[in-house]
Amino acid sequence: MKHTVRTISKERTQIFFGDGVLSLIKKQTSALSVNQDNIFILADSQTRSLCLPVLFDHVPYLSGSKVLEVEGGERCKSIETAGFLWQKLNHYGADRNSLLINLGGGVATDLGGFVAGGFQRGIRYFNVPTSLIGQADAAIGGKTGVNLENVKNQVGLFYPPTDVFIFPGFLKTLPKNHLRSGLAEIIKSLLLSDPIHWRKLQNIPVNSLLDEQTESLIWKKLISAAVAYKVKLVRKDFHERNIRKALNFGHTIGHAFESFSMTDDRKPALHGEAVAAGMICAAWLSSMKTGLSHKTMKEIQNYLDAGFDRISFTVDDIPKIIELMKFDKKNQDGKFRFTLLAAPGSPRINVSCEPHEVSEALLNYSQQQKSL
Ligand SMILES: NC(=O)c1ccc[n+]([C@@H]2O[C@H](COP(=O)([O-])OP(=O)(O)OC[C@H]3O[C@@H](n4cnc5c(N)ncnc54)[C@H](O)[C@@H]3O)[C@@H](O)[C@H]2O)c1
């Protein structure tokens with residue numbers, strides 16, 4: 001006898017973007033038939049004090065919901081924090097019909113999505129991203145997870161939110177270093193998606209963008225371009241078996257930098273800072289392996305160097321950084337697999353790179369003067 005069961009549901013995520021989106025939350029929760037007292041809001045200490053009052057102003061209906069607070073920051077994206085949140089949900093009597101609303105940056109949406117996916121084998125959740133990384137990238141696409149022993153996103157689930165509400169007004173209170181960090185993911189998306197986007201972006205240096213009001217049209221255009229590109233790839237390849245891997249440009253080395261910066265007593269690099277450094281290395285590898293022109297490689301390096309500090313490490317640290325790359329989820333058969341570029345708008349996925357090539361890229365990065 002043989003049975004076949006459809007195992008993947010056809011659920012959809014709705015993504016709302018704009019100044020009026022928060023007022024849609026009440027309607028969307030009603031559509032799910034969730035009782036008001038069965039809604040939980042996850043926030044970190046910062047978004048609780050700065051963003052939760054904004055959410056309540058727009059959606060007074062939520063003001064009776066229970067708030068689950070975590071400290072915040074990359075170190076709290078852990079299995080221990082997930083355990084703490086599952087216990088909280090349990091104590092509050094959450095059930096299969098509960099709704100979790102993640103209010104925060106990529107840490108809150110990655111962690112909260114994972115918690116929602118694990119609690120009673122999966123409850124529904126909304127993402128209300130408040131950081132630039134959250135709005136342009138992390139809140140979309142259902143990649144959820146936590147870090148394990150300093151290894152980024154080592155435990156997680158593909159578990160999509162029911163709805164995402166992107167309200168640019170939250171960015172008003174986001175500290176500048178986090179805005180800069182978020183820009184790295186936007187730069188990545190524009191570089192991957194379209195040569196015209198990349199050409200236009202080069203006319204707007206990172207530092208001049210950071211001087212613009214976050215509610216200005218330019219910011220909205222940048223966020224919506226990044227969202228549109230991500231949606232396009234997630235729609236084609238939700239489980240990241242293929243083209244969605246393009247979004248990892250700069251992340252193979254970037255995640256290793258981020259993990260490396262969390263070891264010992266180092267100052268943790270912000271995600272986007274590490275990704276910007278990872279993109280400089282990936283552009284160098286692209287010029288070696290996938291035909292990226294020297295001119296474009298230099299343009300990428302110059303643009304990023306003008307906006308981001310370099311990650312500092314010594315030659316002796318290179319083996320440690322390479323060791324951390326062994327945890328990258330794209331690796332196959334013990335080989336590093338990179339997303340590289342042939343040209344802006346033309347990513348190449350699954351490019352196999354030898355450790356000595358990666359080592360050369362890192363050496364080149366560490367020895368090179370910042371190109372300014
Ligand atoms: N799942 C994905 O597809 C995906 C994609 C990209 C990044 N990520 C993950 O996202 C994380 C980085 O995201 P992040 O930079 O948003 O980190 P984060 O969530 O730690 O937010 C950064 C800081 O900004 C604060 N903050 C957020 N919104 C604010 C606001 N409006 N006003 C004031 N302060 C605010 C937070 O409290 C935090 O201190 C990393 O863990 C990364 O791995 C996930």
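Both ligands and their constituent atoms are indexed starting at 1 by order of listing. All residue numbers in this chain count up from 1 along the given sequence. What's counted below: heavy atoms across the whole structure, side chains too, no hydrogens, waters or symmetry copies.
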Charged N to carboxylate O under 4.0 angstrom, Glu323 versus Lys320?
no

Ion pair Lys220/Asp19, N-O distance below 4.0 Å
yes

Considering distance alone, does some N or O of Lys77 sit under 3.5 Å from an N or O of ligand 1?
yes

How long is the span from the CG atom in Leu132 to the CG atom in Leu179, to the nearest 0.5 Å?
6.0 Å

Consider side-chain hydrogen bond (donor to acceptor under 3.5 Å, both in side chains). Of Glu185, Lys330, Glu258, which one does His251 pass it with?
Glu185

Which one holds for Lys172 and ligand 1: side chain close, backbone close, both close, or neither close, with close meaning a heavy atom under 4.0 Å?
neither

Out of all atoms in ligand 1, which are within 4.0 Å of some heavy atom of Gly105? Include the element for each.
16 (O), 19 (O)

At a 4.0 Å cut-off, with the gap strictly under it, does some heavy atom of Pro175 reach an atom of ligand 1?
yes

Residue Thr130 vicinity, atoms of ligand 1 by number, heavy atom under 4.0 Å:
27 (C), 28 (N), 29 (C), 30 (C), 31 (N)

When rounded to the nearest 0.5 angstrom, what distance separates CG in Leu24 from CG in Asp163?
9.0 Å

OG of Ser98 to CG of Leu89, rounded to nearest 0.5 Å, is 7.0 Å

His255 N/O under 3.5 Å from ligand 1 N/O
no

So, regarding Arg244 and ligand 1 (criterion: nitrogen or oxygen to nitrogen or oxygen, under 3.5 Å), is there a contact or not?
no

Starting from atom 19 (O) of ligand 1, which protein heavy atom do you reach first, and at what distance in Å?
Val107 N, 3.0 Å

Using the ring centroid of each side chain, check whether Tyr229 and His197 are separated by less than 6.0 Å.
no

Could you list the atoms of ligand 1 found under 4.0 angstrom from a heavy atom of Lys230?
3 (O)

Within ligand 1, which atoms have a heavy atom of Lys152 less than 4.0 Å away?
40 (C), 41 (O), 42 (C), 43 (O)

Paired with Arg124, the side-chain hydrogen bond (donor to acceptor under 3.5 Å, both in side chains) test is passed by just one of Thr29, Thr162, Asn97, namely Asn97

Measure the distance from atom 10 (O) of ligand 1 to every protein heavy atom, then report the residue, atom name and distance (to 0.1 Å) of the closest one.
Gly106 CA, 3.2 Å

Are a donor atom and an acceptor atom from the side chains of Asn350 and Lys245 found within less than 3.5 Å of each other?
yes

Nearest-neighbour protein heavy atom for atom 33 (C) of ligand 1, which is reported as residue plus atom name and distance:
Thr173 O, 3.1 Å

Please confirm whether Thr47 comes within less than 3.5 Å of ligand 1 when only nitrogen or oxygen atoms on both sides are compared.
no

Does only the side chain of Asn153 get under 4.0 Å from ligand 1, or the backbone, or both, or neither? Count heavy atoms.
side chain

Pick, from Asn102, Ile133, Val146, the option with the minimum heavy-atom distance to atom 15 (O) of ligand 1.
Ile133

Inter-residue atom distance Asn147.CG - Arg75.CZ, 0.5 Å rounding:
10.5 Å

With backbone taken as N, CA, C and O and side chain as the heavy atoms from C-beta onward, which portion of Arg48 lies under 4.0 Å from ligand 1: side chain, backbone, both, or neither?
neither

Of the backbone atoms (N, CA, C, O) and the side-chain heavy atoms from C-beta on, which set of Cys51 has a member under 4.0 Å from an atom of ligand 1: side chain, backbone, both, or neither?
side chain

Indicate, as side chain, backbone, both or neither, the part of Leu50 found under 4.0 angstrom from ligand 1 when only non-hydrogen atoms are considered.
side chain

Examine the side chains of Asp317 and Thr314 and answer whether a donor and an acceptor come within less than 3.5 Å of each other.
yes

Below 4.0 angstrom from a heavy atom of Glu74, which ligand 1 atoms are there? Numbered from 1 as shown, please.
40 (C), 41 (O)

Got a salt bridge between Asp211 and Lys176, using NZ or NE/NH1/NH2 to carboxylate O under 4.0 Å?
yes

Can you tell me which portion of Leu174 lies within the under-4.0 Å heavy-atom range of ligand 1? Options are side chain, backbone, both, or neither.
both

4.0 Å heavy-atom contact, Gly104 with ligand 1
no

Contacting atoms of ligand 1, where contact means under 4.0 angstrom from a heavy atom of Lys143:
1 (N)

